[in-house]
Colleague: 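Before I ask anything, here is the structure I am working with.
Counting from 1, the numbers follow the sequence of the chain as shown.
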Amino acid sequence: MKELVEVIAKALVDDPDAVVVTETEDDNVIRLVLSVAPSDMGKVIGKQGRIAKAIRTVVKAAATETDKKVYVDIEDK
């Protein structure tokens, strides 16, 4: 899941070197924290959060085979 979020985020931003994804896993929950440069926050979130929602939807669809819940959080550095 971590690699999927990295690939999507790096394709969206102007500074792909600043993209960092941190993955933590508990029982049935995977939490991914996406960090991008402050200037790229708008590109990752999108108007009214549409890009962020799309990223979460793609990751959730990819996680259906693992039977785990996946949460994607976005934060700036």
Colleague: Of all residues at least two apart in sequence or in a different chain, which pass the salt bridge (Lys or Arg N to Asp or Glu O under 4.0 Å) check with Lys68?
Modeller: Glu25
Colleague: Show every donor-acceptor pair shorter than 3.5 Å between a side-chain atom in residues 37-48 and any protein atom, with sequence neighbours excluded, or say none if there are none.
Modeller:
from, atom 1, to, atom 2, distance (Å)
Asp40, OD1, Asp14, N, 3.3
Asp40, OD2, Asp15, N, 3.2
Lys43, NZ, Asp14, OD1, 3.4
Lys43, NZ, Asp14, OD2, 2.2

Colleague: Identify the residue among Val72, Thr24, Thr22 that makes a side-chain contact (heavy atoms from CB on, under 4.5 Å) with Leu32.
Modeller: Val72
Colleague: Tell me the salt bridge (charged side-chain N to carboxylate O under 4.0 Å, His left out) pairs involving residues 50-59, sequence neighbours left out?
Modeller: none
Colleague: Are Ile51 and Val58 connected in a single hydrophobic cluster, I mean Ile/Leu/Val/Met/Phe/Trp/Tyr linked by side-chain heavy atoms less than 4.5 Å apart?
Modeller: yes
Colleague: Between Leu12 and Ile55, is there a side-chain heavy-atom distance shorter than 4.5 Å?
Modeller: yes
Colleague: Looking at CD1 of Ile30 and OG1 of Thr66, how far apart are the two atoms once the value is rounded to the nearest 0.5 Å?
Modeller: 5.0 Å
Colleague: Is Val13 reachable from Val33 through a run of hydrophobic residues whose side-chain heavy atoms are each under 4.5 Å from the next?
Modeller: no
